[in-house]
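Both counts, for ligands and for their atoms, begin at 1 and track the order of listing. The first residue of the sequence shown is numbered 1, and numbering continues consecutively from there.
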Amino acid sequence: MLSLKYYPFELKFKHPFSIAAGKRTGTKVVYVEVNEGGNTGYGEAALPDYLPETQKTVMNFLVKVRFDKFDVVKDSDGILDYLFSFNPKNYPAIAALDMAVHDLKGKILSKPLHVLWYLNKNNCPKTTFTIGMDSRDIILQKVSEAKDFNLLKVKLGSPSDKMIVEAIREVTDKAICVDINQGWRDKEFALDMIHWLSERGAVFIEQPLPKNNIDDAQWLKEKSPLPIIADEAVQTFDDIEKIKSAYHGINIKLMKCGGLREAMKMILRARELNLKIMIGCMSESSCGVSAAAQLTPLADWADLDGPLLISNDPFQGITYDKGKIILSDLSGTGVKKI
Ligand code: MG
C-alpha cells in the first residue's frame, strides 16, 4: 500500500542570486516521500517567491491526496491522472509527487528511469552554469568558480547588461547563453541587443520579452540571428500551441508543467513542431534536478545547475564532469537522501 509523507525545507544559495525579477538568498521547497513495501520515492516542489505557489499551498494540496488505493507499478498513469484531476491544479506539488512516483516505480523495478525509457545516458548534454546579475567583481568571481563549465548562462535584463557581458568577455571566450527573464520591453531594443550579443559569442536568447507579448516575439524570431527560447511563456503542454510559431524552442521545467510525464509529452510535441528543447530547473536541490536530468538525452540543451548554486543540498544524485551531466546508475531518478 502506498503512503505519503512531506515536509518543508529551505535551500540556501552560496551567493545571493539576482535576476530581472529580483534578488534572493534562498528558496523554499517541500520534499515528498512516497513509500511502498519498504521502498521510498523522493520528490521536490521548489517555490521561488515570484511564483504563485508557496509551501502552504503545496502542503494544502498534498493533504488532500489519497494514494492508498493505487499500485505504483501497475498504475502510475492512474495516479498521475488522479493528481491532474484536482482543481485548481498545483503544478509544483504535482511535479513533486510525479517524480516521487517515478522514483519509486524505478526502485521497485530496479532500473534507472533513463533505462526504463530506453535513453542513452551518453547522450546527456552539458549543463549551463548560471551567472546571476551582479556587480562586476562578483561576476568575475563567479566566472572563475565556473572554470569546469564550458557553457555559461548569463542573466540579463537590466541597465547593466553590456557591462556584465563585457566583464565576462575580458576573462573568458566561453560560449554564453543569455536569459533575459522578460526584462527587455521593446522589440527593436531587443533585436539590437541580440545582434550585439551574437557578435560576442552568445548561443541563444531566453525569454527576451514579456511572456504575453506573442506578436512581438514572432517579429523578433523572424529577424533574430540567434535562436530564441520561451521559458516564462511556456508553462504547460497546452502553452506550446500558443507560442509554437513565435519561438525557436522551449525551456521545459518539471515545476512548471507538473512533472516527468508532462515533460515527456512536451518533448514529443516540441519535436513534432521542430522546436529546440531545453530542460531547465528552478533553484532546486539534487532531488528535483536528478529527476529532470533523466530526460536530458532527449534535449538540445540543459540548464540543470541548481545543486551547484546551493550550500545545503539534502540529496545526492546528478554529478557533472567538466559540465557534462552524468546520470547516476541508481534506480529511479537516481537520488539518495544524505
Ligand atoms: Mg529562464
What protein N/O/S atoms lie closer than 2.8 Å to the Mg ion (ligand 1)?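 Asp179 OD2, Glu206 OE2, Asp231 OD2, with waters left out.
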[X] and [Y] aromatic centres sub-6.0 Å:
X	Y	value
Phe86	Phe61	yes
Tyr320	Phe129	no
Tyr42	Tyr31	no

Side-chain H-bond candidate by donor/acceptor type, Glu262 with Tyr91, under 3.5 Å: no
Do you see a donor-acceptor pair shorter than 3.5 Å between the side chains of Lys153 and Thr130? no
Report the residues that fulfil side chain to side chain donor-acceptor pair (under 3.5 Å) with Lys142, sequence neighbours left out, ordered by chain and then residue number. Asp134
